[in-house]
**Student:** 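I have a structure here, written as structure tokens, and I will follow up with some questions on it.
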Amino acid sequence: MLMSDVELTDRERLIAKEAAKLAIEEMSSEFYKKIGKTVVEKFLIGVGLLVVGFFVGKGWIVKA
């Protein structure tokens, strides 16, 4: 039996459509969470580098 041979009721189509919508929302939400996490991590690394550079510039951190 091929998928094109299967007849869906209106209720089954509505359920399938809603399930697909939920799956897409879940995937995009997960994607943006990961992207956001990467951006925040890079931002914090940059801030840390600036702080260390500032401390070295002020002479508060001296090479041994």
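The basis for the numbers below is simple: all heavy atoms, side chains too, and nothing from hydrogens, waters or symmetry mates. Fair warning: this is a prediction, and the values are worked out from it, not measured in the lab.
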**Student:** Please state whether the rings of Phe55 and Trp60 are parallel, tilted or perpendicular, taking 30° and 60° as the class boundaries.
**Tutor:**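 If you compare the ring of Phe55 with that of Trp60, the planes turn out tilted.
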
**Student:** Hey, quick one: are Phe31 and Leu22 part of the same hydrophobic cluster, counting side-chain heavy atoms closer than 4.5 Å, chains of contacts allowed?
**Tutor:** no

**Student:** Are Lys17 and Arg13 side-chain neighbours, meaning at least one heavy-atom pair lies under 4.5 Å?
**Tutor:** no

**Student:** According to a 4.5 Å side-chain heavy-atom criterion applied to Ile, Leu, Val, Met, Phe, Trp and Tyr, with indirect links allowed, do Ile15 and Ile24 form part of one hydrophobic cluster?
**Tutor:**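 Ile15 and Ile24: separate clusters.
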
**Student:** Hydrophobic clustering (ILVMFWY, side-chain heavy atoms < 4.5 Å, transitive) - are Val52 and Ile45 grouped together?
**Tutor:** no

**Student:** Below 4.5 Å, heavy atoms only, C-beta onward: do Leu14 and Glu18 meet side chain to side chain?
**Tutor:**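 A side-chain contact is absent here, since even the closest heavy-atom pair is not under 4.5 Å.
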
**Student:** Please round to the nearest 0.5 Å and tell me the distance separating atom NZ of Lys34 and atom OG1 of Thr38.
**Tutor:** 9.5 Å

**Student:** Which atoms form the tightest heavy-atom contact between Glu12 and Glu7, and what is the distance?
**Tutor:**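 Where Glu12 meets Glu7 most closely, the heavy atoms are OE1-O, 4.1 Å.
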
**Student:** Tell me whether Val47 is reachable from Val40 by hopping between hydrophobic residues (I, L, V, M, F, W, Y) whose side-chain heavy atoms are closer than 4.5 Å.
**Tutor:** yes

**Student:** Can you tell me how far OG of Ser28 sits from NZ of Lys33, rounded to the nearest 0.5 angstrom?
**Tutor:**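 It is 10.0 Å, given to the nearest 0.5 Å.
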
**Student:** Among the clusters formed by ILVMFWY side chains lying less than 4.5 Å apart, do Val39 and Leu50 turn up in the same one?
**Tutor:** no

**Student:** Does atom CD of Glu41 have more than 12 heavy-atom neighbours from other groups under 6.0 Å away?
**Tutor:** yes

